[in-house]
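Throughout, protein chains are lettered first and strands after them, A, B, ... in sequence-line order, and every chain is numbered starting at 1.
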Amino acid sequence: MADLGVNVAGVQFNNPLIAASGTFGFGREYSEFYPLSTLGGISCKGITLQERLGNPPPRIAETPSGILNAVGLQNPGVDHFIAEDLPWLRQQNTVVISNIAGNTPEEYCQMAEKLSDTDVDMIEMNISCPNVKSGGVQFGTSCESVGAITKAVRRCCKKPLIVKLSPNVTDIASIAKSAEAEGADAVSMINTLTGMRIDINTGRPIIHNNTGGMSGPAVFPVAVRMVWQVAQAINIPIIGMGGISTWQDAVEMLIAGAAALQIGTVLFSDPYAPIKINKGIAEFLDKKGLQSVAELTGTINPW
Amino acid sequence: MADLGVNVAGVQFNNPLIAASGTFGFGREYSEFYPLSTLGGISCKGITLQERLGNPPPRIAETPSGILNAVGLQNPGVDHFIAEDLPWLRQQNTVVISNIAGNTPEEYCQMAEKLSDTDVDMIEMNISCPNVKSGGVQFGTSCESVGAITKAVRRCCKKPLIVKLSPNVTDIASIAKSAEAEGADAVSMINTLTGMRIDINTGRPIIHNNTGGMSGPAVFPVAVRMVWQVAQAINIPIIGMGGISTWQDAVEMLIAGAAALQIGTVLFSDPYAPIKINKGIAEFLDKKGLQSVAELTGTINPW
Amino acid sequence: MCYTIKQINNFMGERVATIMKYDVELSRLIKKEEIAQGIFDFTVKCPSLAKKAQAGQFAHLAVPGKTLRRPISICDAVGDSLRLVFQVRGQGTEKLAQAKVGDDIDVLAPLGHGFTIPPRGTVAFIGGGIGVPPMLYSGKQAEKAIAILGFRDKAGVILAKDFEEACSQVIVTTDDGSFGLHGFVTDALRTVIDKVDLVCACGPTPMLKAVAAMAREHNTPCQVSMEERMGCGVGACLVCACKTKKDNKEGYSHVCKNGPVFNAEEVVW
Amino acid sequence: MCYTIKQINNFMGERVATIMKYDVELSRLIKKEEIAQGIFDFTVKCPSLAKKAQAGQFAHLAVPGKTLRRPISICDAVGDSLRLVFQVRGQGTEKLAQAKVGDDIDVLAPLGHGFTIPPRGTVAFIGGGIGVPPMLYSGKQAEKAIAILGFRDKAGVILAKDFEEACSQVIVTTDDGSFGLHGFVTDALRTVIDKVDLVCACGPTPMLKAVAAMAREHNTPCQVSMEERMGCGVGACLVCACKTKKDNKEGYSHVCKNGPVFNAEEVVW
Ligand SMILES: Cc1cc2nc3c(=O)[nH]c(=O)nc-3n(C[C@H](O)[C@H](O)[C@H](O)COP(=O)(O)OP(=O)(O)OC[C@H]3O[C@@H](n4cnc5c(N)ncnc54)[C@H](O)[C@@H]3O)c2cc1C
Ligand SMILES: Cc1cc2nc3c(=O)[nH]c(=O)nc-3n(C[C@H](O)[C@H](O)[C@H](O)COP(=O)(O)OP(=O)(O)OC[C@H]3O[C@@H](n4cnc5c(N)ncnc54)[C@H](O)[C@@H]3O)c2cc1C
Ligand SMILES: Cc1cc2nc3c(=O)[nH]c(=O)nc-3n(C[C@H](O)[C@H](O)[C@H](O)COP(=O)(O)O)c2cc1C
Ligand SMILES: Cc1cc2nc3c(=O)[nH]c(=O)nc-3n(C[C@H](O)[C@H](O)[C@H](O)COP(=O)(O)O)c2cc1C
Ligand code: FES
Ligand code: FES
């Protein structure tokens with residue numbers, strides 16, 4: 001049988017499926033469904049230097065084949081994460097990725113420093129959260145700012161550094177290049193696509209933040225396109241995500257160029273999705289006579 | 001009963017529903033379903049200075065709640081349109097919008113000049129077609145280029161000029177402002193969101209052009225968000241589109257800030273959608289005690 | 001350590017109630033009735049879930065074609081079945097209502113923190129409108145239960161007979177007086193509050209607020225079941241925020257995990 | 001001129017076959033059979049559409065939950081019903097196959113340009129695999145019809161009896177020889193081509209290409225039914241492009257309107 005293991009920036013994952021940041025908390029809830037070692041890794045809820053309360057509700061809305069969310073980075077702060085969540089997570093036999101967001105480059109650096117002294121496996125720098133006024137998205141939309149912040153954080157970060165890219169940009173490949181040039185070890189993409197729904201009876205946006213981030217199957221074609229574009233532009237690995245909900249989607253994203261995957265919204269429909277998707281990938285590899293996931297990555301044959 | 005008529009840049013429409021460019025050809029086919037006066041207007045298939053054959057097939061793929069297309073602007077050229085299609089269209093008792101795309105600003109101007117001497121009602125400048133190498137999208141992604149081309153075409157265009165905006169950009173509001181500043185009479189938005197699907201068995205993109213433009217319900221929340229952002233930035237009217245498939249969607253888009261609407265992909269699911277949507281809008285207006293569509297436009301009440 | 005298909009299958013097979021706290025069960029719809037205009041009473045067979053269900057908890061139902069599940073309170077748990085009563089509000093509940101007897105519904109349950117009902121004493125169970133159903137199973141847990149059920153009008157009255165069987169006393173109110181007492185549930189509560197040890201309530205927020213205020217006035221403990229739009233339903237995604245105050249610090253609790261039932265004193269209205 | 005609700009309703013009521021060329025009809029599924037593994041034979045009642053159907057045209061079927069309709073050839077038109085035979089290929093046809101007798105299917109038909117069958121003469125109707133069904137109604141239109149039906153193996157053979165009734169001669173071939181002639185449809189065509197005045201074919205592109213080449217060799221006119229992914233189905237969106245040559249100029253024709261049936265000579269293979 002094919003080996004589902006993947007290696008991203010020197011970190012070995014049991015399988016290519018990583019829980020997407022913000023959809024999986026710090027793992028405790030889903031560990032009541034199955035052992036977390038079922039997943040290749042967990043990208044934890046985005047944390048900030050200080051505790052954040054997040055946005056007022058409503059924080060979620062449904063859209064055709066997708067959802068909008070605007071949680072606003074509710075989290076207990078980096079220190080609490082290190083003290084309370086990380087030790088427990090470490091025991092779950094899965095890769096632990098800490099997802100961080102800051103108001104300033106200095107905050108990102110402070111967090112990266114703190115986390116560098118812990119045993120998290122990787123740091124995922126969220127410079128693309130669309131749901132907070134100063135939650136990083138301003139860093140994520142130009143090559144200059146992405147380059148600058150990557151450079152700054154790279155210097156104080158002793159862990160493999162993943163830069164998480166926003167899809168709300170004109171040219172994602174150039175942005176990925178800037179991250180690579182300044183020392184990112186991998187990129188993860190895509191974060192949510194900014195969207196909005198309005199209650200026609202009240203005229204009120206359904207989400208209190210007015211706009212929210214779209215995820216789920218609806219965004220999948222955009223994610224695949226962007227992963228393909230970025231795969232042609234950079235040499236560091238891509239962690240692909242955005243709307244993956246079946247094993248076929250997972251395979252498609254790998255073919256487009258992803259070395260590993262994150263899945264988020266599908267967990268809300270089906271908490272067991274990771275098990276089914278991993279099973280499907282393994283069977284597909286076997287059917288195709290491939291030995292590993294890496295043999296599938298980037299095998300797209302464009303016209 | 002409420003009046004469904006709307007006025008966009010001085011042009012009066014019987015109702016706010018306009019067939020979206022490229023989904024309705026030059027109207028002949030759908031006129032076999034119902035009189036075209038059922039629609040407020042028709043935005044014709046995008047035309048170019050010379051005839052274009054378009055892309056090789058496949059040109060379409062399905063996605064969750066949406067589709068991708070890459071027709072590649074197959075069209076008979078502006079002269080043929082003026083000679084063969086326009087006279088027939090003129091008899092259909094509906095507003096006729098000519099949608100144009102060019103390889104160079106000069107081509108846009110030449111077409112605008114030719115059309116200015118005809119009795120088309122409006123010209124919609126497509127600077128956002130993602131499916132041809134030089135089909136305008138390069139003009140549509142920066143403020144400078146949108147400003148420059150709008151300025152150039154404005155000078156040679158004697159008809160009300162609509163600039164059609166691409167959603168594949170970081171900051172659509174600034175781009176809309178540039179169009180307004182250089183004399184656009186209205187903007188229409190959104191064109192398709194670039195996406196991709198891959199056949200996992202062959203590794204081939206499903207669409208021959210590799211990427212295609214996503215439309216249909218999946219993109220609706222992105223369209224609503226962008227219309228809202230642009231409505232706050234400009235004072236010229238917005239023709240809203242992108243995934244409208246029910247009367248509720250239509251009302252939502254109007255509330256977000258659209259003065260009129262285009263509908264495209266929904267016609268493929270239900271050719272009679274315009275009739276149903278108009279009926280729904282009229283009933284909604286009556287229920288809310290509104291006299292006209294204009295009274296609904298932009299009535300969003302953000303948090 | 002690699003992940004084999006055997007392991008995967010094992011995981012899927014092993015996810016039984018005794019090992020894991022959360023569980024999803026494909027549950028056969030065995031009874032369906034429209035008990036009032038647009039209000040459906042479903043009985044679904046899901047042995048492993050039903051036996052764990054507690055009063056005030058909810059089920060998170062998958063809806064074909066929808067990305068998000070729909071949270072519906074557990075109205076009753078009898079033997080190996082759950083009873084779920086819901087109102088058609090939007091597209092999801094409309095689709096759910098189309099399920100036919102014999103269809104399988106994907107149920108994630110029982111979720112959340114329910115009512116905490118003391119073994120002894122008199123409890124008032126107050127339901128307003130579609131907040132009535134969860135009070136039925138709850139009412140059964142109390143030594144002495146007084147049910148106060150508020151509806152807009154006679155046509156909206158549901159489950160009155162079930163409550164008659166389950167509770168020592170049932171007061172039905174209607175806003176327009178077309179059935180039972182003319183008035184609001186608070187009018188009825190006022191008449192009995194002196195003899196109750198605890199108030200449990202579910203319904204529209206203004207009602208909950210009024211009930212909580214009255215309970216507070218009378219120094220009676222009060223638990224309220226809150227509603228918020230949900231994603232995961234288990235406490236991971238943090239979307240179902242409800243403003244609460246603990247140790248004098250305001251913050252957001254989560255309806256799906258910390259709730260849906262909160263001590264009324266905690267809720268920041 | 002404004003658009004009133006009365007007018008709107010009128011439009012919806014008036015869209016009858018006699019006024020408009022294109023029509024959609026909610027069509028009751030009155031018969032359903034799985035005639036081979038994964039191949040379904042549907043009979044849908046749609047009087048106004050059935051009476052307009054011509055050989056080689058197709059129906060565009062709405063699939064619940066899908067944005068795009070699915071094109072399925074008209075296999076037969078009898079009285080007020082259409083017969084549609086399709087194979088489950090992906091999500092849409094899988095969903096279609098779940099329809100139950102009594103369900104209503106939203107059918108847009110009859111679409112496209114079908115076979116042009118002369119009133120006199122012998123016509124060979126060649127179907128390959130799931131290209132077989134449309135040849136049935138077509139075969140019925142010819143004075144003398146020779147049907148050549150190719151399948152992978154015996155298990156895949158469909159509609160043989162229907163063709164026996166409708167055509168003067170039926171030759172079935174299978175790739176593996178498990179039923180009928182061992183070989184391809186072209187092997188069978190070679191044996192009869194000298195006596196036919198026209199060849200009509202539907203099936204996989206390589207088969208069509210081979211059939212067209214053989215017809216050409218024998219100076220026999222040939223019409224082929226092409227497939228392409230579709231949007232509107234009526235010729236407006238231009239997605240269903242098929243490369244054709246007219247007056248020595250290459251360009252894209254559209255399968256839904258100019259086709260699905262083309263003169264083989266026009267097609268650029
Ligand atoms: C803990 C809990 C228990 C509930 N118990 C019941 C019950 O027993 N019976 C009953 O009829 N209803 C109950 N509700 C409300 C019920 O969940 C909503 O009416 C339902 O989700 C609406 O879905 P829809 O598809 O009809 O509406 P849509 O508007 O199509 O739904 C769109 C999205 O918004 C969410 N949403 C819309 N309204 C609500 C709401 N009031 N509360 C939470 N989410 C909402 C939906 O879940 C969905 O995610 C409960 C809600 C919660 C939070
Ligand atoms: C004119 C015409 C007549 C046809 N007649 C028949 C028939 O009588 N019986 C039959 O079984 N099949 C027929 N087909 C093929 C049938 O349309 C496809 O098998 C079907 O659309 C596949 O849909 P799906 O949901 O199973 O596949 P999916 O892969 O889920 O479909 C995704 C999209 O691709 C399109 N697509 C996929 N494969 C094809 C294909 N081969 N041709 C056209 N579009 C495709 C689908 O329509 C849909 O838009 C015909 C096709 C055409 C163009
Ligand atoms: C409720 C929710 C909360 C999220 N929070 C975060 C976050 O804190 N940090 C982050 O980088 N991404 C966050 N995301 C984005 C996801 O990690 C992911 O990029 C996105 O949802 C696309 O993947 P999906 O379609 O599989 O969900 C969040 C997404 C959701 C739905
Ligand atoms: C098949 C197809 C062809 C299109 N061709 C054009 C075009 O020629 N010019 C143009 O400006 N937009 C074109 N579009 C974009 C639509 O006009 C519209 O912006 C988009 O489809 C979003 O609206 P919808 O979701 O209602 O379809 C095309 C869209 C489709 C689906
Ligand atoms: S719904 Fe996810 S935390 Fe409550
Ligand atoms: S499917 Fe639209 S032109 Fe053929």
Return yes when atom NZ of D:K245 has more than 12 non-hydrogen atoms of other residues, nucleotides or ligands closer than 6.0 Å, and no otherwise.
no

Can you name the nearest heavy-atom pair linking D:A236 to B:F24, along with the distance?
CB-C, 3.8 Å

NZ-CG distance between D:K249 and B:L53, expressed to the nearest 0.5 angstrom:
6.5 Å

Decide yes or no on side-chain contact (heavy atoms from CB on, under 4.5 Å) for B:I67 and D:V239, but give the supporting numbers first.
CA-CA 11 Å; B:I67 64 171; D:V239 305; over 6 Å; no

Could you walk me through whether D:L108 and B:F33 satisfy the side-chain contact (heavy atoms from CB on, under 4.5 Å) test, starting with their C-alpha distance in whole Å, then the side-chain angles of each, then the deciding distance to 0.1 Å, before giving a yes or no?
CA-CA 11 Å; D:L108 166 56; B:F33 284 103; 3.6 Å; yes

Counting heavy-atom pairs under 4.5 Å with chain D, which one of B:A218, B:P271, B:P56 comes out on top?
B:P56

Using non-hydrogen atoms only, which part of B:S31 is less than 4.5 Å away from chain D: side chain, backbone, both, or neither?
backbone

Looking only at heavy atoms, the pair that brings D:R229 and B:A61 closest together is NH1-CA, 4.4 Å

Looking only at atom types and distance, does a side-chain atom of B:E62 sit under 3.5 Å from a main-chain N or O of D:K66, one as donor and one as acceptor?
no

With a 4.5 Å cut-off on heavy-atom pairs, point out which of D:G65, D:C237, D:A62 contacts chain B the most.
D:C237

With a 4.5 angstrom heavy-atom cut-off, could you sort out which part of B:F13 is near chain D: side chain, backbone, both or neither?
neither

If I measure from the heavy atoms of chain D, does B:L267 come under 4.5 Å with its side chain, its backbone, both, or neither?
neither

Kindly give the heavy-atom pair with the smallest separation between B:E29 and D:V234, and that separation in Å.
CG-O, 3.0 Å

Heavy atoms only, distances under 4.5 angstrom: which of D:H254, D:K243, D:E250, D:H60 has the most pairs with chain B? Name it, please.
D:H254

Taking CZ in D:R216 as the centre, count heavy atoms belonging to other residues, nucleotides or ligands within less than 6.0 Å. Is the count above 12?
no

Looking at B:G54 and D:Y252, what are the two nearest heavy atoms and their distance?
O-CE1, 3.7 Å

Please classify the contact of D:Q91 with chain B as side chain, backbone, both or neither, using a heavy-atom distance under 4.5 Å.
neither

Atom NZ of D:K209: over 12 foreign heavy atoms under 6.0 Å:
no

NZ/D:K257: more than 12 non-hydrogen atoms of other groups inside 6.0 Å:
yes

Greatest number of heavy atom pairs closer than 4.5 Å to chain B - which of D:G90, D:A241, D:C240, D:C242:
D:A241

Distance in Å, D:L238 CG paired with B:N75 CG, rounded so as to fall on 0.5 Å steps
9.0 Å

Can you say whether B:P64 sits under 4.5 Å from chain D via the side chain, the backbone, both, or neither, judging by heavy atoms?
neither

Say whether, by atom type as modelled, one donor and one acceptor occur between the side chain of B:S269 and the main chain of D:T67 under 3.5 angstrom.
yes

What part of B:E51 is in contact with chain D, defined as an atom under 4.5 angstrom from a non-hydrogen atom: side chain, backbone, both or neither?
side chain

